[in-house]
Amino acid sequence: MEQKKNTNSPFREKIRQLVEHKLFQPLIIAIILLNGVVIVAESYLPGNDFLLVLDTIIVWIFVVELGLKIIGLGARGYFSEKWNIFDFSIVALSLIFYNTPLVSVLRLIRVLRLIRMIPAIPALRKIIDSLMRSVPALAGILGLSILIFSIYAIIGTTFFRDVLPYEFFGSFHTSLFTLMQVVTFESWASQVARPVIAEIPWAWVYFVSFIVIAALVILNLVVAVILDYLGHDDEIAHQEQMERLYKENEELRKDVQEIKQILLQERVK
């Protein structure tokens with residue numbers, strides 16, 4: 001058993017060095033980009049034999065990459081990283097549904113392969129990790145947004161129901177959709193606000209206050225929270241660096257004190 005372990009160890013070490021090589025990850029990123037080009041080309045040339053063969057080759061390259069990482073890092077080391085679990089799921093789904101008669105499912109899996117670009121590029125991975133960590137903080141802002149949208153939807157349904165057609169403020173859910181249109185500034189003035197203001201002059205207060213609160217305040221709060229979490233990792237790294245420098249400074253000061261004590265003792269002698 002010990003002999004088998006020693007035989008496999010150098011092989012696994014070589015595989016680990018391969019998957020951790022500086023050119024390995026850029027090569028995988030290039031293949032993912034090629035996969036995206038193939039998907040786009042298939043939308044213009046559906047059923048093209050060359051593109052289908054190329055897609056098959058790409059799938060098996062991903063399978064080989066997956067196998068090399070599991071061998072090199074070990075199953076426990078590989079699956080301890082959540083992004084590796086995500087990669088494994090995408091590749092596994094690509095194999096499971098490769099020959100499925102459901103064309104829509106197959107196309108969805110092919111598109112999902114492009115998401116592998118996120119764990120492959122550290123900058124993208126950092127952004128997604130920050131977004132996921134900010135979800136609890138964003139929950140409060142989401143609750144506030146729902147409350148504000150609900151209040152304005154009820155007001156809009158109550159006062160503007162008979163001014164515009166039903167699909168704008170005819171009911172609570174149509175009012176919510178109209179407010180989403182307003183907050184995205186999509187034809188909100190000409191299609192929604194001006195016709196209402198022409199019939200109900202005070203309605204400008206409704207629209208202006210909603211835009212200020214929903215579009216300017218709440219959206220900026222969301223951006224502020226996300227930016228705060230994006231800089232959180234850099235702040236932690238800076239703090240760890242400062243603590244390390246402080247410890248080194250303390251050790252250096254102790255060494256200087258010891259040297260002084262030795263020099264004083266020598267002078268006394």
Side-chain angles (χ1 to χ4, degrees), residues 12 14-75 77-135 138 177 180-181 183-187 191 219 222-223 226-227 229-230 233:
R12 174 172 289 183
K14 289 181 179 179
I15 299 297
R16 186 187 66 80
Q17 292 176 358
L18 174 64
V19 298
E20 292 180 350
H21 193 275
K22 62 180 181 179
L23 296 179
F24 184 83
Q25 199 63 17
L27 177 62
I28 297 301
I29 294 174
I31 295 172
I32 295 174
L33 290 174
L34 177 62
N35 180 51
V37 174
V38 171
I39 293 173
V40 173
E42 284 182 343
S43 64
Y44 293 97
L45 301 170
N48 185 275
D49 292 335
F50 174 74
L51 294 177
L52 291 175
V53 171
L54 194 57
D55 183 76
T56 304
I57 294 173
I58 290 173
V59 170
W60 285 107
I61 289 176
F62 288 153
V63 173
V64 172
E65 176 217 358
L66 190 71
L68 290 175
K69 285 186 175 180
I70 293 177
I71 293 173
L73 303 176
Y78 179 83
F79 289 106
S80 63
E81 175 64 38
K82 58 183 179 181
W83 284 111
N84 289 338
I85 298 175
F86 176 81
D87 280 347
F88 180 86
S89 302
I90 296 298
V91 176
L93 289 173
S94 298
L95 290 177
I96 293 172
F97 292 101
Y98 187 77
N99 291 320
T100 179
L102 301 175
V103 179
S104 58
V105 176
L106 180 59
R107 288 177 179 173
L108 176 62
I109 298 302
R110 287 177 178 175
V111 172
L112 287 178
R113 279 190 238 146
L114 295 177
I115 307 179
R116 294 196 64 214
M117 187 70 69
I118 295 174
I121 301 178
L124 295 179
R125 190 168 62 240
K126 178 182 177 181
I127 293 173
I128 298 299
D129 288 338
S130 299
L131 286 174
M132 296 306 296
R133 286 197 302 270
S134 66
V135 168
L138 292 175
F177 190 81
M180 287 298 300
Q181 177 182 343
V183 84
T184 56
F185 303 109
E186 178 61 32
S187 303
Q191 194 174 18
L219 290 181
V222 172
V223 173
I226 294 174
L227 289 178
Y229 277 88
L230 279 174
D233 290 339

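Since the structure is predicted, the reported quantities are computational estimates derived from the model, not experimental observations. Residues take their numbers from the sequence shown, with the count starting at 1.
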Inset, instruction - Rounded to the nearest 0.5 Å, what's the gap from CG on L27 to CD1 on I31? Could you check? - result: 4.5 Å
Inset, instruction - Measure across L68 and I15 and return the closest heavy-atom pair with its distance rounded to 0.1 Å. - result: O-CG2, 3.1 Å
Inset, instruction - Measure across F79 and I85 and return the closest heavy-atom pair with its distance rounded to 0.1 Å. - result: O-CD1, 3.3 Å
Inset, instruction - Evaluate the criterion side-chain contact (heavy atoms from CB on, under 4.5 Å) for residue pair F62 and D87; output intermediate values, then yes/no. - result: CA-CA 9 Å; F62 288 153; D87 280 347; over 6 Å; no
Legend entry - Shortest non-hydrogen contact between N84 and Y78, atoms and distance: ND2-O, 3.0 Å
Legend entry - Inter-residue atom distance L54.CG - D49.CG, 0.5 Å rounding: 12.5 Å
Legend entry - Side-chain heavy-atom pair E65, V91 within 4.5 angstrom cut-off: no
Legend entry - Rounded distance (nearest 0.5 Å) linking atom CD1 of I71 with atom CG of L66: 10.0 Å
Legend entry - Inter-residue atom distance D55.CG - L34.CG, 0.5 Å rounding: 9.5 Å
Legend entry - Atom pair OH/CG of Y44 and L51 - distance to nearest 0.5 Å: 13.0 Å
Inset, instruction - Tell me, yes or no, whether the heavy-atom count around F177 atom CZ, taken from other residues, nucleotides or ligands under 6.0 Å, exceeds 12. - result: no
Inset, instruction - With rounding to the nearest 0.5 Å, note down the distance linking NZ in K69 to CZ in R16. - result: 14.0 Å
